[in-house]
Amino acid sequence: MKIQGIEYRELAERFGTPLYVYDAEVLTSTITELRGVLHPAIEVFFSLKSNPNVSVFNTLRAGGARAEVSSLVELRTALLAGAQPHDIIFLGPGKSDRELIACLETGIYAIVCESFAELDRIELLAAERDLYQRVLLRINPAVAVQGSRLTMGGKPRQFGIDEAEVLAAGDLASKYRHADVAGVHVYMGTRILDADVVAKNTRYILDLAERVVSSTGIRLDAVDIGGGLGVAYFDGEEDIDAKSVAEVLNPMLEEFVSLHPGTRLIMESGRYLAGRAGVYVLGVRYVKESMGERFAVADGGTHHHMAAVGIGSFVKRNFPAVALDRDEDADPGELQSWNVTGPLCTPNDTLLKHAQLPALEPGDLIGVLRSGAYGPSASPGLFLSHGFPAEVLVHDGQAHLVRDRDQPEDLLRPQHLLDLTATTATTTSGK
Ligand SMILES: *Cc1c(COP(=O)(O)O)cnc(C)c1O
């Protein structure tokens with residue numbers, strides 16, 4: 001199999017395995033298509049938590065994506081890739097002073113504030129520096145809309161301020177001097193595959209924004225409608241269709257824009273933008289049978305791809321996967337049932353269970369597809385101290401290393417060897 005004309009085999013030989021390979025063409029066409037069909041007032045912000053690689057974000061940024069970040073390093077990544085402060089928002093339930101100060105000093109568009117205590121903190125830190133900072137209030141909605149794989153609303157959450165509390169807060173427009181509360185953010189859930197669910201969420205959020213304005217008197221510089229557009233991973237699923245989303249969303253947005261010209265409309269997306277652009281490439285080390293089942297023990301595992309474990313679902317379902325070094329047109333022969341496992345000493349290190357693959361041998365390459373989001377950064381890469389894999393971005397038919405593979409020195413460097421004899425000596429001399 002090839003990516004932009006390059007054999008995966010060639011990439012494996014050049015960069016080694018396990019390896020993440022990202023396709024810049026897929027990133028670009030996904031953001032371009034999404035922006036092309038959505039109402040022009042909508043701005044798409046990439047959630048860097050789904051893939052924090054600076055070159056991946058840079059590719060999306062070149063296609064018009066803005067940045068939604070949640071840590072100091074993600075903020076620096078966005079800036080390094082050339083995002084304008086005006087196109088960056090920072091969210092997360094436990095922001096540190098260091099992070100808040102970095103936001104203030106960078107002059108990002110908005111901090112998405114998750115509690116009134118945090119709002120007081122932003123006010124204080126901004127006042128100390130004589131700065132002003134736009135704040136969007138993250139609201140924990142009173143209801144959950146069904147249909148996403150992880151619903152956020154209608155439950156006690158560490159995220160955001162309860163809807164009822166915001167609506168009862170009274171005047172928020174003049175209460176703070178340096179924290180400029182001027183917008184609303186709601187994130188309803190992730191992996192939504194149904195356009196109607198996005199429509200219902202958005203309807204609710206736009207109405208809520210109006211109610212917040214009436215009860216608190218804030219300006220509405222921006223409404224962030226969250227996102228959570230999903231992609232298919234498992235049998236029977238289909239990607240959410242951008243055109244269908246646009247069809248139900250655009251009229252609603254048009255109406256909102258006519259009532260609130262100049263209000264920025266923000267949609268956040270991680271998985272939808274990056275998910276389909278990545279392949280996790282592993283090499284088979286050993287094949288064996290155990291009690292009648294075939295195992296391909298590979299050089300990569302769930303420490304780089306925790307999502308593939310399928311935590312949270314009752315039955316293990318497989319990400320789509322293929323044998324990468326088979327000729328696409330050639331007859332794959334009879335498919336067999338394979339468990340593809342990694343090098344970790346836990347039975348959970350199973351990337352694929354009973355997957356239908358051609359006969360495998362040591363040296364074969366397997367690709368776990370649709371792995372561009374929530375890959376290494378959402379995985380326990382330090383488990384068994386293997387570290388994180390290399391990452392390659394294929395752009396304009398050329399493969400570029402965009403992250404080095406962790407080396408043993410990288411993992412050992414931050415550790416400190418305690419000299420036990422020296423400690424003993426100190427204790428003894430103190431006697
Ligand atoms: C994780 C997250 C996202 C991205 O979600 P996807 O499902 O990957 O699009 C967006 N907004 C918030 C607040 C998040 O926590």
Side-chain angles (χ1 to χ4, degrees), residues 27 30-31 34-35 38 42-53 56-57 60 65-71 74-75 77-78 87-95 99 108-115 118 135-141 144-145 147-153 155 157-161 183-195 197-198 201-202 205 208 222-233 237 239-242 245 249 265-278 305-307 312 319 370-379:
L27 292 169
T30 306
I31 180 71
L34 183 63
R35 292 184 62 230
L38 287 176
I42 273 273
E43 297 175 63
V44 180
F45 280 58
F46 180 58
S47 306
L48 269 83
K49 81 163 190 261
S50 68
N51 189 324
N53 186 285
V56 167
F57 171 64
L60 290 166
R66 327 280 200 212
E68 181 245 291
V69 301
S70 297
S71 69
E74 286 186 5
L75 173 61
T77 303
D87 292 329
I88 300 175
I89 60 172
F90 194 117
L91 60 79
K95 303 175 197 78
E99 289 166 337
I108 66 166
Y109 178 68
I111 296 175
V112 177
C113 177
E114 312 242 4
S115 66
E118 187 193 3
V135 168
L136 310 183
L137 288 184
R138 178 167 185 178
I139 301 180
N140 179 29
V145 176
S148 75
R149 299 306 184 272
L150 174 84
T151 49
M152 294 297 235
K155 283 195 190 122
R157 286 287 191 211
Q158 71 268 51
F159 308 108
I161 309 170
V184 164
H185 167 286
V186 184
Y187 177 70
M188 293 275 213
T190 187
R191 238 162 80 61
I192 301 169
L193 296 174
D194 179 352
V197 174
V198 180
N201 287 349
T202 306
I205 295 163
L208 178 58
V223 177
D224 184 332
I225 62 168
L229 304 186
V231 298
Y233 292 129
E237 291 183 345
D239 294 339
I240 197 165
D241 176 36
V245 172
L249 224 52
L265 281 164
I266 295 172
M267 174 186 270
E268 300 162 350
S269 176
R271 196 185 309 275
Y272 183 82
L273 293 180
R276 290 165 292 183
H305 201 330
M306 198 62 184
F319 267 52
R370 299 188 157 233
S371 299
Y374 304 103
S377 70
S379 303

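Just so you know, ligand 1 is whichever comes first in the structure, and atom 1 is the first atom listed for that ligand. Along the sequence shown, residues are numbered consecutively beginning with 1. None of these values were measured; they are calculated from a predicted model.
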Under 4.0 Å to a heavy atom of [X] - the qualifying atoms of ligand 1, by number:
X	result
Arg271	6 (P), 8 (O), 9 (O)
Tyr374	1 (C), 4 (C), 5 (O), 6 (P), 8 (O)
Lys49	1 (C), 2 (C), 3 (C), 14 (C), 15 (O)
Leu91	13 (C)
Ser269	9 (O)
Thr190	6 (P), 7 (O)

- Query: Does any non-hydrogen side-chain atom of Met267 lie less than 4.5 Å from one of Phe45?
  - Reply: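 No, too far: nothing below the 4.5 Å cut-off.
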
- Message: In the structure I gave you, are the side-chain heavy atoms of Ile108 and Ile89 within less than 4.5 Å of one another anywhere?
- Response: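 With C-beta onward as the side chain, the pair stays apart.
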
- Query: Got a sec, which residues hit side-chain hydrogen bond (donor to acceptor under 3.5 Å, both in side chains) with Arg370, two or more places apart in sequence or on another chain?
  - Reply: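 Expected list: Asp239.
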
- Do Arg271 and Tyr233 have side-chain atoms, one donor and one acceptor, less than 3.5 Å apart?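 Indeed, the side chains of Arg271 and Tyr233 share at least one donor-acceptor pair under 3.5 Å.
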
- Are Ser47 and Glu268 linked by a side-chain donor-acceptor pair shorter than 3.5 Å?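 Absent: no donor and acceptor within the cut-off.
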
- Tell me, please: is Gly227 in heavy-atom contact with ligand 1, that is, under 4.0 Å?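 No, Gly227 has no heavy atom closer than 4.0 Å to ligand 1.
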
- Item | Close approach of Gly228 to ligand 1, heavy atoms, under 4.0 angstrom |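 So Gly228 counts as touching ligand 1.
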
Do ligand 1 and [X] have nitrogen or oxygen atoms that lie under 3.5 Å from each other?
X	result
Tyr187	yes
Tyr272	no
Gly189	no

- Between Tyr374 and His305, ring centroids under 6.0 Å: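 That pair fails the under 6.0 Å test.
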
- Message: Using the side chain to side chain contact (heavy atoms under 4.5 Å, CB included) definition, which of the options Ile192, Ile31, Leu229 pairs with Tyr272?
- Response: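 Of Ile192, Ile31, Leu229, side chain to side chain contact (heavy atoms under 4.5 Å, CB included) with Tyr272 is met by Leu229 alone.
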
- Message: For Glu99, give me all partners under salt bridge (Lys or Arg N to Asp or Glu O under 4.0 Å), at least two apart in sequence or on another chain.
- Response: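 Residues passing salt bridge (Lys or Arg N to Asp or Glu O under 4.0 Å) with Glu99: none at all.
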
